[in-house]
Amino acid sequence: MVRTEFEERFVSLRRGLIAREFQELNDKQREAVLATEGPLLLLAGAGSGKTTVLINRVANLIRFGRGSDTAEVDPKYGERELRVLEESEKSGVLSPEAEALCAVDPVEPWRVIAITFTNKAADELKARLSKRIGTGAEDIWAMTFHSACVRILRRSIDVMGISPSFTIYDTADSLAVMKRVLRELNMDEKIFPPKQVLGYISRAKDEMLFAPDYTAEAEKSRDPRKKLIARAYTEYSRRLLSSDALDFDDLILFTVKLLTDYPEVRERWQRQFKYVLVDEYQDTSVLQYRLASLLAGGTENICVVGDDDQSIYRFRGATIENILSFEKRYRDTRVIKLEQNYRSTGHILEAANAVIKNNLGRKGKSLWTSAGEGDRLTFRMAESDEAEAAFVANEIVSGVASGMRWSDFAVLYRVNAQSNRLEYAFKRAAVPYKVIGGTRFFDRAEIKDVTSYLCVVHNPADDLRLLRIINNPPRGIGPTTVERLRDIAARERRPILDAAADAAKYPELKSAAGKLMKFMELIMELRGLADSLPLDEFYEELLEKTGYVESLGDSDDALARVDNIRELKSNIVSYASSAERPTLGGFLDEIALYTDLDSPEMNEDSVPMMTIHSAKGLEFPWVFIVGMEENLFPSARSMNTEEDMEEERRLCYVALTRAQRRLVLTAAKRRLMFGHTTANTVSRFLEEIPAEHLDMPAKRAGFTREPDPEYLDWEYREGRRQERDYTGGFVSQRRAPRTPRPSPPQTIRTTAHPPAQKTLELKPGDRVRHRAFGEGDVVAVTPTGGDAMITVRFAVGEKRLMLNAAAQFMVKV
DNA sequence: ATCATAACGCTTTTT
DNA sequence: GCGTTATGAT
């Protein structure tokens, strides 16, 4: 056999054997796993097993290197080796020897970087990688863009003259700095809203314009407004720089700058990373795209995975262009489409396809499933947002009563503000729930205070955090002293704490010098402790020595705050036990980049509720999408341009494709929005769902956009109020309550002003049967207004319920 | 320094 | 409608 023939045979055998190791994948998925070399664009529809492909791809790289995707054959190999492969093919077992022959430069885990967009996605990736690969998986760079940048910057940023122990400013920090800057530049916050100015700066950074570049551009434009914004940008940057602080955008920007301007640094990282994978590529900004291609510059082994139909972060700078033009930028790009959906049943998928079809400018992709048609989607129009929430709670209780788990459900909404109504209704119905995202733990004042101490201890140049704590708890360092101190620090271009150390030198600080010295010594002492004590002990010392906890007092509010401070300690403990070399700086990085540390709690059995954005990448058996109304979803702000509307539609596509088996859409005829009752028409997206996939109470198609009484859940008929069954028809009235006199029939509360009458007379000792919790004994009844809070001991545990709401699920026995 | 009231702005979404 | 922040009174 001539050498080339031999090699062809060898290569094809090798590829076949490797492919066999990924038998559980479908053809397209396997193709994506085996195509290890060069640029690859993977268009992966919702629920197409995208993460599975990523995991297996990494597994393939680590086991077989480029074995599945190269024509090279080791010149040492000959007939004997070929026979080993043939044997393996025949036997169906990959022997260790054959496995070794199939591998071509198997790659070390730390040479693989898999970048995701959210922490949640990174966590999931890490978990699944370690399950699939086992040892070594933790060395894979599976993390978000921002964490990857922090890791690179910590190791290499010193060449740029920035301290490697730089501090990360989150959005709130940036805003606080910007507010100060604007005040000092005498820029009216009405004319220059701080958030908007930060937005301009953020966009400038995405175009790689630093403050001097932006200023030059502003000068050219002769736009006075832009010139002022340029001044704010300059001052903002100066402050961050002098505090050794980087904001979120800087993390990416400085990394790109570092890799662009410093060849030796670039080469160092390009030598390290042999394979770059980018998840959720449709959500990357131009800057992030640059970063990814810089990292992949060594080999051009860059694999991006995305779905143009799920691009929902355009507002933040993500550009769909990145995915639409990937092939243009990398010639020889291989493109693989994953269109088989393993998540949802037919009606759900068809509905999603139908909606997204209304968008122009997409790659064009149509999901299909081999699962059956399943149930049709359900739409219900409720009387009010409150009734809508009650309906959802009711449906969930019924579902649980028929054997489902709370965590089989999910409630999705467009904006976080919608969670209030739902929370209220869920509490009343005793539905355990968990709000994902929203007001964040680290945004709480007491947490910001305590972390500010940690930040200043770690980086004494952090003026922003220092100003937050210098007189908190009160130390007699008043606003006047602080003002003078800031002037001195600004004049001498040195950190505030530094200036405070020399307080005695300045006559204007004389009276406060003692207090300032004491504060400085406190920080210095804590710095010493931070180096010598384990993190958790150090934290205790800090709380003690600063007197912070003590200063809170013992009001109810303070107790809750102290609880939160304890909660932070448990975060420290869990960080200390998971990190290989826990440091204060490491912990601060973690909390700066982690918005929701509550992801582990997802395991508990409760109903998750979240925005559609947060739901991306997740799936649930039964999904409720609430607020399907014009002005809410699509949001009022998206009405101006077609691009914005298409983004909303993609958001809707994301929402619909979260559901596995059941999908319920709801709208409310009346809704409280920023304090006013508004009546919205039904969402246009609902109209885009073909009637055959949608189940509605009466009319099946062509419903009007006006709120239609036909779709109301409760209504007056012939002057009598009747309760309407959610499945369509009217049910007979509930038995009259056991009150001495006949009273109006029980209604589910649909208004803000509930009927005063009780629906069920209960006293401690009574026995009740609840649809979801079974039988239980009433332990306590506490009247509250026209309602009562009851405590019932069920087999599943003690529950506190609001009587009027619970009565619909409960009978006395 | 602490508390109370007034005023504001917020409803896109995340790192 | 709510939660945060600014302002002013004690």
Side-chain angles (χ1 to χ4, degrees), chain A residues 115-122 143-150 168-176 179 183 189-190 193-196 199 202 205-206 246-253 280 283-285 287-288 310-318 385 412-421 423-424 436-440 442-445 448 471-479 551 553 555 557 589-596 610-617 627 631-639 644-645 647-648 650-652 654-655 671-678 752:
Chain A
I115 310 174
T116 64
F117 212 68
T118 64
N119 292 307
K120 212 184 293 162
M143 55 185 82
T144 64
F145 271 104
H146 291 83
S147 352
C149 286
V150 168
I168 302 164
Y169 277 4
D170 67 16
T171 316
D173 297 326
S174 299
L175 192 66
K179 278 184 177 168
R183 216 169 302 151
E189 292 197 6
K190 295 257 161 42
K195 276 190 181 158
Q196 205 184 315
S202 184
K205 285 178 176 173
D206 199 53
L246 272 64
D247 67 21
F248 282 145
D249 294 325
D250 290 339
L251 294 177
I252 315 280
L253 179 63
E280 306 286 13
D283 289 334
T284 54
S285 65
L287 196 60
Q288 285 165 331
Q310 291 189 71
S311 162
I312 55 174
Y313 286 107
R314 207 179 64 106
F315 70 93
R316 179 175 60 179
D385 47 355
L412 309 183
Y413 36 77
R414 178 67 239 268
V415 294
N416 274 313
Q418 286 171 262
S419 72
N420 272 343
R421 282 293 131 123
E423 284 188 67
Y424 185 68
I436 313 288
T439 356
R440 287 155 18 188
F442 291 103
D443 285 342
R444 290 162 201 264
K448 288 233 137 199
N471 199 32
N472 180 13
R475 303 189 168 83
I477 304 174
S551 75
S555 65
D557 184 56
D589 279 354
E590 196 119 307
I591 64 176
L593 298 173
Y594 262 69
T595 48
D596 51 335
M610 67 192 92
T611 63
I612 299 165
H613 283 87
S614 323
K616 193 159 69 126
N631 296 322
L632 185 60
F633 191 26
S635 92
R637 300 200 180 187
S638 65
M639 305 283 179
D644 286 345
M645 186 53 70
E647 175 135 321
E648 291 284 311
R650 291 192 293 270
L651 195 56
C652 182
V654 169
R671 179 179 300 277
L672 219 50
M673 285 170 103
F674 16 72
H676 289 286
T677 304
T678 51

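Letters A, B, ... mirror the listed sequences (proteins, then strands); counts begin at 1.
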Item to check | Euclidean distance for C1', B:dT11 against C:dA6 (whole angstrom) | outcome: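 About 23 Å, rounded to a whole number of Å.
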Checklist outcome for this item: Sorted by chain and residue number, the side-chain hydrogen bond (donor to acceptor under 3.5 Å, both in side chains) partners of A:S614 (sequence neighbours excluded) come out as A:T611
Checklist entry - Taking only residues two or more places apart in sequence or in another chain, which ones pass side-chain hydrogen bond (donor to acceptor under 3.5 Å, both in side chains) with A:R314? => result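 Partners of A:R314 under the side-chain hydrogen bond (donor to acceptor under 3.5 Å, both in side chains) test: A:D644.
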Grab the [atom1]-[atom2] distance between [X] and [N] for me, whole Å please.
X: A:L253; N: B:dT15; atom1: CG; atom2: P; value: 20 Å
X: A:K616; N: B:dT15; atom1: NZ; atom2: P; value: 11 Å
X: A:D206; N: B:dT15; atom1: CG; atom2: C1'; value: 13 Å
X: A:R650; N: B:dT13; atom1: CZ; atom2: C1'; value: 13 Å
X: A:I591; N: B:dT14; atom1: CD1; atom2: P; value: 19 Å
X: A:N416; N: C:dC2; atom1: CG; atom2: C1'; value: 14 Å
X: A:N471; N: B:dA1; atom1: CG; atom2: C1'; value: 9 Å
X: A:R421; N: C:dC2; atom1: CZ; atom2: C1'; value: 11 Å

Can you name the atoms? Protein N/O to nucleotides 5-11 of chain B N/O, anything below 3.5 Å, with the distance.
none

Taking side-chain contact (heavy atoms from CB on, under 4.5 Å) as the test, write out the residues that go with [X], two or more places apart.
X: A:A636; result: A:N631
X: A:A122; result: A:T116, A:T144
X: A:S285; result: A:D206, A:L287, A:Q288

Mind checking if [X] touches a base, just sugar-phosphate, or nothing, with heavy atoms under 4.0 Å?
X: A:T118; result: sugar-phosphate
X: A:F145; result: nothing
X: A:S614; result: sugar-phosphate
X: A:L672; result: sugar-phosphate

Checklist entry - Would you call the rings of A:Y313 and A:F117 parallel, tilted or perpendicular if under 30° counts as parallel and over 60° as perpendicular? => result tilted
Next on the checklist: The side chain of A:H613 is closest to which nucleotide in this list: C:dG1, B:dT15, B:dT13?
Outcome noted: B:dT13
Item to check | Side-chain N,O (A:T677) to OP1/OP2 (C:dG1) below 4.0 Å | outcome: no
